Amino acid sequence: MPNLKLNYDTSGVSDKEIMKYKDKVTKIHKKIHEKAEDEKDFLGWLELPTNYDKKEFERIKKAATRIKKTSDVFVIIGIGGSYLGARAVIEALTNTFFNSVSRRIRKAPQIIYAGNNINPNYIHDILDFIQDKDISINVISKSGTTTEPAIAFRIFRELLETKYKPEEVRKRIYVTTDAHHGALKNLADTEGYETFVIPDNVGGRYSVLTAVGLLPIAVAGIDIDKLMDGARAAQEKYSDSNLKYNECYKYAVIRNILYKYYKNTEILVNYEPKLHYFSEWWKQLFGESEGKELKGIFPAGVDFTTDLHSMGQYIQEGRRNLFETVINIENSKNDIKIKADEDNIDGLNFLAGKTMDYINKKAMEGTIEAHVSGDVPNIVLNMEKLDAENMGSIIYFFEKACAVSGMILDVDPFNQPGVEAYKNNMFRLLGKPGYDK
């Protein structure tokens with residue numbers, strides 16, 4: 001059973017300050033839960049761990065089994081929320097060198113991500129990588145017309161059509177899109193590709209626990225039943241409307257209190273390299289949800305201790321508009337004990353008998369102490385271990401905290417009007433019909 005624990009002793013925020021938000025949070029809780037099943041509001045993720053399509057869930061597992069049997073490489077085509085959640089979970093729960101280890105260790109196809117940029121070198125390198133391999137692809141897009149994944153899908157679909165017979169191509173393309181409408185849905189129906197649904201009331205950055213994330217995660221060999229179990233436990237745990245007992249809501253309140261103290265940049269910190277892409281998912285979740293109307297906490301991420309040797313100086317002594325949220329994995333899956341060396345040339349014998357995880361934890365404790373003394377408040381989210389259940393739980397924790405935090409900030413946490421600005425300019429410069437030059 002997952003058990004996240006929030007520690008805000010080093011945040012500089014008192015329980016008294018937190019509880020001033022009690023009535024406001026109760027109203028927000030009531031508002032979002034009353035609208036949870038409204039198709040017009042993007043709150044479908046709220047009850048997703050208990051209210052999901054069980055038949056589609058079983059189809060996802062069957063499709064994943066087929067893909068693992070028939071494919072050397074699985075190409076995930078998507079951008080933003082269409083791939084970040086899946087990649088976050090896959091990289092957190094698989095071998096750090098997943099694509100390089102043998103199939104015997106991996107027990108799954110190599111996984112490649114495309115459609116998340118428009119760089120020709122990136123696509124060219126993928127094509128070189130997969131040229132002699134059997135591949136399947138999963139294109140993920142609500143409309144099918146988002147530029148980056150649409151370009152990638154065109155390229156990889158053409159590759160499949162030159163490599164395999166038509167009936168084989170149909171078995172190797174999996175489409176995750178709108179249930180009823182859109183260019184991609186129409187193409188999938190015409191060609192007979194197997195389709196999975198992006199629910200109407202679940203926005204991209206909240207979609208990792210839908211088919212958007214679940215199919216790639218299952219192909220990677222991760223137990224999606226346990227992932228959902230963890231999310232379901234979090235749904236129940238964080239359903240209490242009383243701020244006093246709801247740590248998810250407390251986190252949302254604390255970050256808003258710090259924001260009022262002009263701490264307008266939040267850095268998500270990990271001491272586990274496998275969580276790098278979890279930070280990327282988290283950055284999109286909070287950045288797109290809160291960054292509007294000239295408001296919002298800027299989300300950043302660092303991987304410690306690595307980034308202590310690059311960003312550590314700035315965090316310690318730069319502008320004092322920062323606070324950190326640290327994810328602490330309490331129990332490491334693996335550990336290595338440092339041995340004594342007779343010559344002690346490196347001067348490390350004082351560490352003899354200690355484990356690397358112990359040293360890593362002391363680095364974390366020392367860093368928190370240093371940064372707090374340098375006026376960088378720290379919030380710590382303790383996570384028992386890195387497994388599917390705990391990943392499901394922490395995903396739900398941040399999704400709900402983000403929604404509540406945005407509403408405390410008085411912005412709509414479910415829209416993203418600002419992302420259209422660059423698209424309109426790009427289409428105009430490219431001469432797309434309907435866009436004035």
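On a predicted model such as this, the values are computed, not experimentally measured, just so you know.
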Looking at [Y], is its backbone amide N or carbonyl O close enough to the side chain of [X] to form a donor-acceptor pair, meaning the two atoms are under 3.5 Å apart?
{"X": "Asn331", "Y": "Glu384", "value": "yes"}
{"X": "Arg232", "Y": "Thr50", "value": "no"}
{"X": "Arg172", "Y": "Ile135", "value": "yes"}
{"X": "Ser207", "Y": "Gly204", "value": "yes"}
{"X": "Lys31", "Y": "Met407", "value": "no"}
{"X": "Glu191", "Y": "Tyr193", "value": "no"}
{"X": "Lys274", "Y": "Thr94", "value": "yes"}
{"X": "Asn270", "Y": "Leu268", "value": "no"}
{"X": "Asn415", "Y": "Pro417", "value": "no"}
{"X": "Thr305", "Y": "Leu308", "value": "no"}

Testing Ile379, Val380, Val269 one by one against Thr325 for a side chain to side chain contact (heavy atoms under 4.5 Å, CB included), which residue passes?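 When side chain to side chain contact (heavy atoms under 4.5 Å, CB included) is applied between Thr325 and each of Ile379, Val380, Val269, only Ile379 qualifies.
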May I ask you to say whether Lys250 pairs ionically with Glu247, meaning some side-chain N is under 4.0 Å from a carboxylate O?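 No, this pair does not count.
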Is the shortest side-chain N to carboxylate O distance from Arg170 to Glu167 below 4.0 Å?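 So Arg170 does not pair with Glu167 through a salt bridge.
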ring-ring contact (aromatic ring centres under 6.0 Å, His included) between Phe57 and Tyr52, worked out: CA-CA 8 Å; Phe57 192 81; Tyr52 61 94; 5.1 Å; yes
What heavy-atom pair brings [X] and [Y] nearest, and what distance separates the two atoms?
{"X": "Lys283", "Y": "Gly301", "result": "CD-N, 4.0 Å"}
{"X": "Phe414", "Y": "Ala403", "result": "CZ-CB, 3.8 Å"}
{"X": "Pro216", "Y": "Phe74", "result": "CA-CE2, 4.0 Å"}
{"X": "Thr145", "Y": "Ala183", "result": "CG2-CB, 4.0 Å"}
{"X": "Leu184", "Y": "Ser141", "result": "CD2-O, 3.6 Å"}
{"X": "Tyr249", "Y": "Asp240", "result": "CE1-O, 3.5 Å"}

For [X], I'd like to know if atom [atom1] has over 12 heavy atoms of other residues, nucleotides or ligands within 6.0 Å.
{"X": "Arg103", "atom1": "CZ", "answer": "yes"}
{"X": "Lys163", "atom1": "NZ", "answer": "yes"}
{"X": "Lys295", "atom1": "NZ", "answer": "yes"}
{"X": "Glu161", "atom1": "CD", "answer": "yes"}
{"X": "Glu158", "atom1": "CD", "answer": "no"}
{"X": "Glu330", "atom1": "CD", "answer": "yes"}
{"X": "Ile336", "atom1": "CD1", "answer": "no"}
{"X": "Lys107", "atom1": "NZ", "answer": "no"}

With side chains defined as the heavy atoms from C-beta onward, is the minimum distance between [X] and [Y] less than 4.5 Å?
{"X": "Val208", "Y": "Trp45", "answer": "no"}
{"X": "Thr147", "Y": "Ile79", "answer": "no"}
{"X": "Lys185", "Y": "Thr195", "answer": "yes"}
{"X": "Tyr174", "Y": "Val219", "answer": "no"}
{"X": "Asn390", "Y": "Lys385", "answer": "yes"}
{"X": "Ile359", "Y": "Leu351", "answer": "yes"}
{"X": "Leu159", "Y": "Ile130", "answer": "yes"}
{"X": "Glu47", "Y": "Gln235", "answer": "yes"}

Here the side-chain hydrogen bond (donor to acceptor under 3.5 Å, both in side chains) pairs for residues 55-72, sequence neighbours left out, are Glu58-Lys61, Arg59-Glu194, Lys61-Asp225, Arg66-Glu194, Ser71-Ser136
For the aromatic rings, using the six-membered ring if either is Trp, is the centroid distance between Phe323 and Tyr259 under 6.0 Å?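 Between Phe323 and Tyr259, the centre distance exceeds or equals 6.0 Å.
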For the rings on Tyr396 and Tyr238, is their centre-to-centre separation under 6.0 Å?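 Ring centroids of Tyr396 and Tyr238 are no less than 6.0 Å from each other.
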Would you call the rings of Tyr251 and Phe398 parallel, tilted or perpendicular, taking 30° and 60° as the class edges? perpendicular
Mind jotting down which residue pairs meet the salt bridge (charged side-chain N to carboxylate O under 4.0 Å, His left out) criterion with at least one end in residues 120-141? Sequence neighbours excluded, please.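 Sorted result for residues 120-141: empty, none.
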Judged by modelled atom types alone, do Asn360 and Asp357 share a side-chain donor-acceptor pair under 3.5 Å? no
Distance alone, cut at 3.5 Å: any donor-acceptor contact between the side chains of Glu317 and Gln313?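 Judged by distance alone, the side chains do pair up.
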Can you tell me how far the [atom1] atom of [X] sits from the [atom2] atom of [Y], to the nearest 0.5 Å?
{"X": "Lys400", "Y": "Ile32", "atom1": "NZ", "atom2": "CD1", "answer": "5.0 Å"}
{"X": "Glu266", "Y": "Leu258", "atom1": "CD", "atom2": "CG", "answer": "8.5 Å"}
{"X": "Leu386", "Y": "Leu275", "atom1": "CG", "atom2": "CG", "answer": "5.5 Å"}
{"X": "Glu369", "Y": "Lys362", "atom1": "CD", "atom2": "NZ", "answer": "11.0 Å"}
{"X": "Phe196", "Y": "Thr176", "atom1": "CZ", "atom2": "OG1", "answer": "6.5 Å"}
{"X": "Asn378", "Y": "Ile267", "atom1": "CG", "atom2": "CD1", "answer": "9.0 Å"}

Would you check, one step at a time, whether the test side-chain contact (heavy atoms from CB on, under 4.5 Å) holds for Tyr314 with Arg319? CA-CA 8 Å; Tyr314 188 96; Arg319 291 186 65 198; 3.3 Å; yes
Output, in order, the C-alpha distance, side-chain angles, deciding distance and verdict of side-chain contact (heavy atoms from CB on, under 4.5 Å) for Lys142 and Asp200. CA-CA 9 Å; Lys142 187 77 169 174; Asp200 290 336; 3.1 Å; yes
Can you sort out the partners of Glu34 under side-chain contact (heavy atoms from CB on, under 4.5 Å), two or more places apart, ordered by chain and number? Lys30
Given Ile112 and Asn99, is the side-chain contact (heavy atoms from CB on, under 4.5 Å) satisfied, shown in steps? CA-CA 9 Å; Ile112 300 294; Asn99 282 339; 3.9 Å; yes
When you look at Val89 and Ile395, which way does the side-chain contact (heavy atoms from CB on, under 4.5 Å) test go after all the steps? CA-CA 9 Å; Val89 175; Ile395 285 167; 3.7 Å; yes
